[in-house]
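We name chains A, B, ... by the order of the sequence lines, and we start the count at 1 in each one.
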Number of protein chains: 4
Amino acid sequence: MTDFTDRQREIIDVSIQLISKGGIQELTIKNISKSIGISEPAIYRHFSNKMDILLGILSHFKNNTKSTLERITSYEISAVKRLESIFFSHFQQFTAKPAMAAVIFSEEIFQNDKRLSEEVFLIMKLHQDAISVIIEKGQKSGEIRSDIFKEQLSLIIMGTLRLIVTKWRLSSFSFDLEKEGANLWNSIKKLIVL
Amino acid sequence: MTDFTDRQREIIDVSIQLISKGGIQELTIKNISKSIGISEPAIYRHFSNKMDILLGILSHFKNNTKSTLERITSYEISAVKRLESIFFSHFQQFTAKPAMAAVIFSEEIFQNDKRLSEEVFLIMKLHQDAISVIIEKGQKSGEIRSDIFKEQLSLIIMGTLRLIVTKWRLSSFSFDLEKEGANLWNSIKKLIVL
Amino acid sequence: MTDFTDRQREIIDVSIQLISKGGIQELTIKNISKSIGISEPAIYRHFSNKMDILLGILSHFKNNTKSTLERITSYEISAVKRLESIFFSHFQQFTAKPAMAAVIFSEEIFQNDKRLSEEVFLIMKLHQDAISVIIEKGQKSGEIRSDIFKEQLSLIIMGTLRLIVTKWRLSSFSFDLEKEGANLWNSIKKLIVL
Amino acid sequence: MTDFTDRQREIIDVSIQLISKGGIQELTIKNISKSIGISEPAIYRHFSNKMDILLGILSHFKNNTKSTLERITSYEISAVKRLESIFFSHFQQFTAKPAMAAVIFSEEIFQNDKRLSEEVFLIMKLHQDAISVIIEKGQKSGEIRSDIFKEQLSLIIMGTLRLIVTKWRLSSFSFDLEKEGANLWNSIKKLIVL
DNA sequence: GATGAATGAGTTTTCATTCAT
DNA sequence: AATGAATGAAAACTCATTCAT
């Protein structure tokens with residue numbers, strides 16, 4: 001749970017935007033420094049190298065994921081409502097920071113280094129485990145259908161969520177993600193509740 | 001429907017493998033030429049620049065997609081069987097050429113150029129339209145439930161397909177994609193058939 | 001005969017160690033400050049720039065050389081004993097501070113600046129003149145053979161001394177310099193005394 | 001016994017000159033390329049990195065040393081003449097290529113990497129072993145005095161040789177190395193022959 | 001005395017591409 | 001169809017130094 005300084009947060013933020021705009025190829029120290037308005041060497045006062053910036057991005061995502069999931073888990077609501085909350089909180093976050101959408105589901109960006117890809121895998125598992133646990137409870141309480149394994153239901157839910165976000169991004173954010181997402185969720189609900 | 005020479009096909013193939021291994025950062029003329037065993041300038045005999053290689057990759061994917069979809073559309077089978085065929089033919093292809101799995105769903109790779117991202121968008125739409133059409137037919141014939149829009153069903157199906165492939169890749173191809181994919185498809189079937 | 005503050009002496013000391021470890025390339029303000037445990041700008045409170053640190057090192061060597069030579073010259077002993085004292089006092093100093101051995105005979109380190117290389121030349125001359133004077137006395141008193149010019153004898157003595165120190169250093173100080181040096185000196189004595 | 005291309009030999013040559021002029025700090029890819037008159041990246045066609053250039057320099061020295069020593073060993077001459085040949089051939093080489101003198105005895109230059117320092121150590125040992133063997137023969141044949149160990153005599157000879165070369169270099173090559181060297185050798189001869 | 005933040009100039013190295021052969 | 005040699009541009013990173021606090 002690393003604590004970042006203001007400048008570090010700024011660098012992470014700008015980096016996410018750069019990746020979102022043109023892929024990792026766009027994430028250069030020059031581009032970061034230009035975006036912030038400081039010199040290139042100044043970046044190295046705040047992160048000892050580029051890898052550390054990428055790890056910073058992932059750490060930021062992980063903290064985000066953790067606190068969102070913890071918040072939702074703390075609510076006293078039904079399983080389906082819980083899943084809905086996860087769905088909707090993602091859409092809210094992406095609408096607020098569209099750049100995040102381009103990076104958080106792009107495992108490819110982080111695949112060229114073990115430490116990075118492991119971290120990505122961990123974040124993915126965090127989501128999946130949380131969703132699986134919720135589904136399991138829903139299945140036990142009779143809220144959610146039990147004729148399909150919870151792992152598969154969680155795959156279907158997450159996959160759908162990811163794809164609509166990807167489409168939203170590829171369409172240059174041309175539709176209302178929160179609205180379309182809500183519609184989509186209603187359809188998923190129809191499929192999984194008893 | 002560009003026709004590629006043997007060498008061009010070789011370059012495209014090797015390029016897909018390189019991207020699969022380490023992201024686009026790994027796709028350099030040097031790496032391509034080293035993998036093939038020819039000199040760097042030799043690459044330029046076959047593609048006039050790097051962009052053309054990337055376009056070549058996408059053209060290859062598009063041709064693949066088209067012929068697969070055409071083949072499946074030509075069969076006289078039910079809508080559900082058709083969807084299943086699309087699912088399974090993907091899993092077969094990825095199992096045969098795992099590198100493809102890392103590239104075909106990675107829109108981020110091609111996002112830094114308009115011609116590339118448009119091409120990516122087109123391939124995605126090709127799939128989606130085909131699936132939508134099939135679902136529509138299935139809904140009309142009473143095979144598939146009609147209380148959910150075909151666009152949404154197609155999103156759910158494609159999203160799930162994509163995510164299991166991504167997981168397979170991130171796990172370093174550590175499970176049997178064809179088997180797990182078949183299981184998953186059975187679950188999806190339960191959800192969408194009447 | 002500059003007087004150094006404690007901090008300045010510390011910086012000079014640490015600098016010698018750094019050069020000893022990895023050549024001048026290792027002597028950076030960052031490395032100095034890290035070794036001491038203060039910030040980089042803090043170094044500039046004590047030396048106005050890097051050149052001044054290098055001059056400080058040489059000044060330190062010069063003071064050392066001078067006082068050693070003066071001390072030895074003050075003794076009322078024979079010429080041969082005097083030469084032996086110079087030899088042995090070097091070995092003692094290097095054994096106590098091995099890092100010095102790597103720097104004091106490395107004229108190359110200081111060659112890229114006139115002020116530095118002149119200073120180096122001067123220190124070398126200090127040694128040589130002292131040795132020459134002693135040899136001359138020894139030759140006049142009949143202690144040392146006179147069929148070889150004092151300049152050449154001094155070259156032979158100093159060259160041998162330097163080389164054994166270099167070998168000691170290149171062997172990572174793996175033998176007892178004082179012992180081996182004493183043996184070597186006995187052999188030299190055989191060569192030069194009548 | 002690596003074979004170098006013309007360009008590689010040129011790079012090695014220029015590198016030795018640069019180091020001679022201003023120490024390793026002067027040996028930058030920029031300076032090399034500027035001296036030769038090609039671009040910086042062009043250097044990398046001929047050496048894959050800077051380390052390889054340094055290894056190239058040492059390989060050059062090693063080959064030189066080996067062939068010189070082999071040549072001298074092949075002559076049917078007395079031990080003393082042999083030593084003299086080694087002495088004189090060094091002085092000839094340095095007079096022809098003064099830059100070499102600044103690099104070949106500067107172990108410090110190569111100390112920041114294991115592979116380099118090991119290679120330096122090896123070259124030094126090559127010389128020393130050759131001289132030791134010659135001295136041993138001379139002692140057996142009664143040519144050279146036997147009351148001093150051959151290792152020590154070799155140290156004295158090599159140390160003296162090195163120091164006069166260093167002085168020649170520090171004096172900006174201001175005296176005739178071959179002449180002064182010859183005088184010095186005559187004095188050494190007086191010391192070691194019976 | 002000391003530090004956090006910053007910078008201009010420079011380091012090694014890689015990249016896509018060109019050209020003469 | 002292929003290669004050896006080369007290059008301009010740019011990459012990540014380091015260095016000595018400055019300045020406000």
Side-chain angles (χ1 to χ4, degrees), chain A residues 5-8 10-11 24-34 36-54, chain B residues 5-8 24-34 36-54, chain C residues 5-8 24-34 36-54, chain D residues 5-8 10-11 24-34 36-54:
Chain A
T5 64
D6 283 3
R7 201 46 126 196
Q8 282 179 320
E10 196 181 0
I11 291 170
I24 343 147
Q25 317 238 49
E26 197 73 6
L27 186 71
T28 66
I29 302 295
K30 192 177 213 156
N31 283 344
I32 297 173
S33 60
K34 220 192 298 170
I36 295 184
I38 58 176
S39 71
E40 293 179 51
I43 302 294
Y44 289 90
R45 276 273 145 204
H46 305 283
F47 287 97
S48 55
N49 50 41
K50 199 180 168 181
M51 177 61 64
D52 268 16
I53 298 177
L54 288 167
Chain B
T5 65
D6 283 3
R7 205 44 131 193
Q8 283 178 319
I24 343 143
Q25 318 237 50
E26 197 75 3
L27 186 70
T28 66
I29 301 294
K30 193 178 203 166
N31 283 344
I32 296 173
S33 60
K34 216 192 299 169
I36 294 184
I38 57 175
S39 73
E40 296 175 52
I43 302 293
Y44 288 88
R45 281 274 145 198
H46 307 283
F47 287 98
S48 56
N49 50 39
K50 196 181 170 182
M51 178 60 65
D52 270 14
I53 297 176
L54 288 166
Chain C
T5 64
D6 284 2
R7 207 37 135 198
Q8 282 179 318
I24 343 145
Q25 317 238 48
E26 197 75 4
L27 186 70
T28 66
I29 302 293
K30 191 178 204 165
N31 283 345
I32 297 172
S33 59
K34 214 191 302 171
I36 294 184
I38 57 176
S39 73
E40 295 175 54
I43 302 292
Y44 289 88
R45 280 274 146 197
H46 306 283
F47 287 98
S48 56
N49 51 40
K50 196 179 169 182
M51 178 61 64
D52 269 15
I53 297 176
L54 288 166
Chain D
T5 64
D6 284 2
R7 200 51 124 192
Q8 283 179 319
E10 197 181 359
I11 291 170
I24 342 145
Q25 319 236 49
E26 197 73 6
L27 186 70
T28 64
I29 302 294
K30 192 176 213 157
N31 283 344
I32 296 172
S33 60
K34 219 191 300 171
I36 294 183
I38 57 176
S39 71
E40 295 178 50
I43 302 293
Y44 289 87
R45 276 272 146 204
H46 306 283
F47 287 98
S48 55
N49 49 42
K50 199 179 169 182
M51 177 61 64
D52 268 17
I53 297 176
L54 288 167

Next item on the list: Would you please name every residue forming a side-chain contact (heavy atoms from CB on, under 4.5 Å) with D/Asp52, sequence neighbours left out?
Entry: D/Phe47, D/Ser48, D/Asn49, D/Leu55, D/Arg115
Item checked: Nearest-nucleotide comparison on DNA chain F, the residue closer to the 5′ end among B/Ile38 and D/Arg7 -> B/Ile38
Round to the nearest Å and state the distance from [X] atom [atom1] to [N] atom [atom2].
X       : N      : atom1 : atom2 : value
A/Ile53 : F/dA11 : CD1   : P     : 14 Å
D/Phe47 : E/dT12 : CZ    : P     : 15 Å
A/Ile36 : E/dT7  : CD1   : C1'   : 15 Å
B/Lys34 : F/dT3  : NZ    : P     : 15 Å
D/Ile43 : E/dT11 : CD1   : P     : 13 Å
C/Ile24 : F/dA16 : CD1   : P     : 11 Å

Next item on the list: Let me see the working for D/Gln8 and D/Ile11 under side-chain contact (heavy atoms from CB on, under 4.5 Å), right down to the final yes or no.
Entry: CA-CA 5 Å; D/Gln8 283 179 319; D/Ile11 291 170; 5.5 Å; no
Just jot down the salt bridge (charged side-chain N to carboxylate O under 4.0 Å, His left out) partners of [X], sequence neighbours excluded, or say none.
X       : answer
B/Glu26 : B/Lys21
B/Arg45 : none
A/Glu10 : A/Arg7

Next item on the list: Give the dot-bracket string for DNA chain E, reading 5' to 3', where a pair is Watson-Crick or G-U wobble with both distances under 3.5 Å, ( ) marks pairs inside the strand, [ ] marks pairs crossing earlier ones, | marks a partner on another strand, and . marks unpaired.
Entry: .||||||||||||||||||||
Drop me the distance from [X]'s [atom1] to [Y]'s [atom2], to the nearest 0.5 angstrom.
X       : Y       : atom1 : atom2 : value
D/Leu54 : D/Ile24 : CG    : CD1   : 8.0 Å
B/His46 : B/Asp6  : NE2   : CG    : 10.5 Å
C/Glu40 : C/Asn31 : CD    : CG    : 9.0 Å

Next item on the list: Taking only the side-chain nitrogens and oxygens of D/His46, find out if one of them lies under 4.0 Å from OP1 or OP2 of F/dA6.
Entry: yes
Checklist line | Annotated protein contacts, base or backbone, on nucleotides 14-21 of chain E with a non-hydrogen cut-off under 4.0 Å, one of B, S, - each | finding: BBSBBB--
Notebook entry, point to check: Do you know which two heavy atoms are closest between D/Lys50 and D/Leu27, and how far apart they sit?
Noted result: NZ-O, 2.8 Å
